[in-house]
2 protein chains.
Amino acid sequence: MIDPRFATLRVFSSTGSVARTAELTGYSASAVSAQLRELQRTLGIKLITKEGRGVRLTSAGRHFVAGLDGIVTQWELLAASARNASGQVQGQFGLGGFSTAAAQLLAPLAANLRATRPDTEVQLIEAQPQRCLDLLLAERIDLAVIVASQTSGGSAARDRFEQTVLLDDPLDVVLPATHRLAQHKSVALEDLADDPWISESGQSVYRALFVAAFTSLGVTPHIAHEAVEWETMIAFIGAGLGVGLLPRLATLGDAQNVVRRRISGAAKPSRRIVAVTRKGSRGSPLIEESLDILQRTAKDIISLRSAEELDG
Amino acid sequence: MIDPRFATLRVFSSTGSVARTAELTGYSASAVSAQLRELQRTLGIKLITKEGRGVRLTSAGRHFVAGLDGIVTQWELLAASARNASGQVQGQFGLGGFSTAAAQLLAPLAANLRATRPDTEVQLIEAQPQRCLDLLLAERIDLAVIVASQTSGGSAARDRFEQTVLLDDPLDVVLPATHRLAQHKSVALEDLADDPWISESGQSVYRALFVAAFTSLGVTPHIAHEAVEWETMIAFIGAGLGVGLLPRLATLGDAQNVVRRRISGAAKPSRRIVAVTRKGSRGSPLIEESLDILQRTAKDIISLRSAEELDG
DNA sequence: CGGAACCGTGCACAATTGGTGCATGATCGA
DNA sequence: TCGATCATGCACCAATTGTGCACGGTTCCG
């Protein structure tokens, strides 16, 4: 909004690559390249240097981006207050979130907004947490629901985003129905230390949670298989290939041959689900209302759980 | 730089007219109109309203411009530090000032810069103080030398500009050679209370100084004639039509039949000459060097005066 | 009360900006 | 050494953004 090139530069500073920046912003790679070059020309400073087959920010560039973060924040604040003052409708509103969040939290939010604000076009994008942050920077979306983690965004995150905690989502174990502990109401992770585990591949947020859950116990689990989708993981478990961890928010679906059990014991691993916005964009009426709705939805989920807890 | 439309809007907020904004920014009137309309559209707020045959900012517009001032300041700071960090040359550099300042202060500065920075294109614009401020806003110039006054810029001035005092320029009286006090070394304004005066027309800064000099004495001078150029005023005085005030920096030229005399007495009217920059643009190497040179030049002028003082 | 001056805006048209798609050179991994 | 990947230059095209001019509304002045 303030200057499209700023968004491009900020995404680049996050991804470190022209190609990824192009993919995230929706521009072509040559457009990103040209934008950065043009930006350097008008500023009269070198922002990027060639490094290997890629390109990276110069120290002057990093310094400039850091200053830009403050300016963009102030701009967001101003734009939000302007939108707030005049009761004008906002044309577009983009939401992002990872799979379970999208299903459980964003879908109700989108439905609600569609009902109360028919003139606003709400767009949903499902994406991994890090990607959600980059989409926020790229101004493709205005609000994201992601799993909190230290790695996401790095140190620049606090200059660029604001977080609101929605809920803590505990992890459950998923066992084959034939597992020796399948009949227990709850299971301690220590008792599964020697079982073959199924986790997610790559260095996803889930994977980080997975290892964190065990390192706090001083246990190194044996990861026998890796899956990308939970659907797949659950199928593996159903086939008796091992055991797995599944966030409470994720549904088992119509999976056969598996049971979901609470985790007992000292360590109760959970993931923290937060809503993230660009810094300064709070105060915009749509953002404020959305956060409100999200928190109410989260509260409903929590109270529903306590009810189940009492039932069980 | 950050967004040309911002400069346009800021100039408009200062001038209050599309036509004057167009003249100052160098755009056509319809371009200014279109820019403001486009800005409103993308922001989703109404910035201006029709009023009479003109147009004025809405309260939301004023609020937005106030916030914009802060953002532009921060941008100037960032751009200045970026330029400073990388020893890149700045392509263009614009200077503005009113007539005497242009001659006595800006000309040496321009000559100096031309010598030390041959790659930078220095542009000089002579203009009245208020116009200089608007040209600064319009980013047509980067530094102005003007006479300080309360009226110039209004309350928004402190959010938009930074000042550096260069020197205090005392006013002298100019008398016809045949005047009864022409032989005195110095003259008290009170002794000229009943003489016919020649001043400047309109509500210029000089005119404001003129009335201020007398109101502090409780005297209302009789303004018999008005002139636009000092050249003209001096000619009027030489013709015996009255007496006048002339800043020390302004030269008498080769005027005949007139004498210049110091003002004695309690009230020693003077005008304060200051260098003005856009807020935040200090720190840019060119600005810093220019201010340095200006202050040295001012110092030279002052010490030259003390020397003359001792001679006389 | 009428006319002239002025102001801001809409419109046709032109120029510049800013985009894509493809080819190219350079670098890295296998 | 070959293929994959990356950034960038270039031809080309679209969209933005400028100008010049005509027009309607308002104010000032005779």
Among the nucleotides dA7(D), dG8(C), dT20(C), whichever has the atom closest to the side chain of S28(A) is dT20(C)
When G52(A) and A31(A) are each assigned the nearest nucleotide of DNA chain C, the 5'-most assignment goes to A31(A)
Separation of dC28(C) atom P from E51(A) atom CD, nearest Å, is 9 Å
ask   = In this structure, are over 12 heavy atoms from other groups packed under 6.0 Å from E231(A) atom CD?
value = no
Separation of dA7(D) atom P from R56(A) atom CZ, nearest Å, is 14 Å
Checklist entry - Do any side-chain nitrogens or oxygens of Y27(A) fall under 4.0 Å of OP1 or OP2 in dG19(C)? => result yes
Between CD of Q40(B) and P of dG8(C) the distance, given in whole Å, is 14 Å
When rounded to whole Å, the CD to C1' distance for the pair Q35(A) and dT20(C) reads 13 Å
Considering only heavy side-chain atoms of E38(B), the closest of dT17(D), dA7(D), dG8(C) is dT17(D)
task = Answer with base, sugar-phosphate or nothing: what part of the nucleic acid does A29(A) contact at a heavy-atom distance below 4.0 Å?
result = base
>> Under a plain distance cut-off of 3.5 Å, with no hydrogens placed, do S13(B) and R160(B) share a side-chain donor-acceptor pair?
In response: yes
Among dA7(D), dA4(D), dG8(C), the one nearest any side-chain atom of V18(A) is dA7(D)
Which of D134(B), D159(B), D69(B), D142(B) passes salt bridge (Lys or Arg N to Asp or Glu O under 4.0 Å) with R278(B)? Answer is D142(B)
Practice prompt. Check the surroundings of atom NE2 in H225(A): do more than 12 heavy atoms from other residues, nucleotides or ligands lie under 6.0 Å from it?
Written response: yes
Check whether any side-chain N or O of R53(B) sits under 4.0 Å from OP1 or OP2 of dG24(D), and answer yes or no.
no
Between CD1 of I48(B) and P of dG8(C) the distance, given in whole Å, is 9 Å
* Asked: Got a donor-acceptor pair under 3.5 Å from the side chain of S33(A) to the base of dG9(D)?
  -> no
Side-chain contact check for S30(B): nearest option of dT20(C), dT9(C), dG19(C) is dT9(C)
R117(B) side chain reached by P285(B) side chain, heavy atoms, under 4.5 Å
yes
Atom CD of E23(A) and atom C1' of dT5(D) are separated, to the nearest Å, by 15 Å
From NZ of K50(A) across to P of dG9(D) the rounded distance in Å is 7 Å
Assign each of A34(A) and R37(B) the nucleotide of DNA chain C bearing its closest heavy atom; nearer the 5' end lies the nucleotide of R37(B)
In whole angstroms, the gap separating C1' of dG8(C) from CG of L39(B) amounts to 17 Å
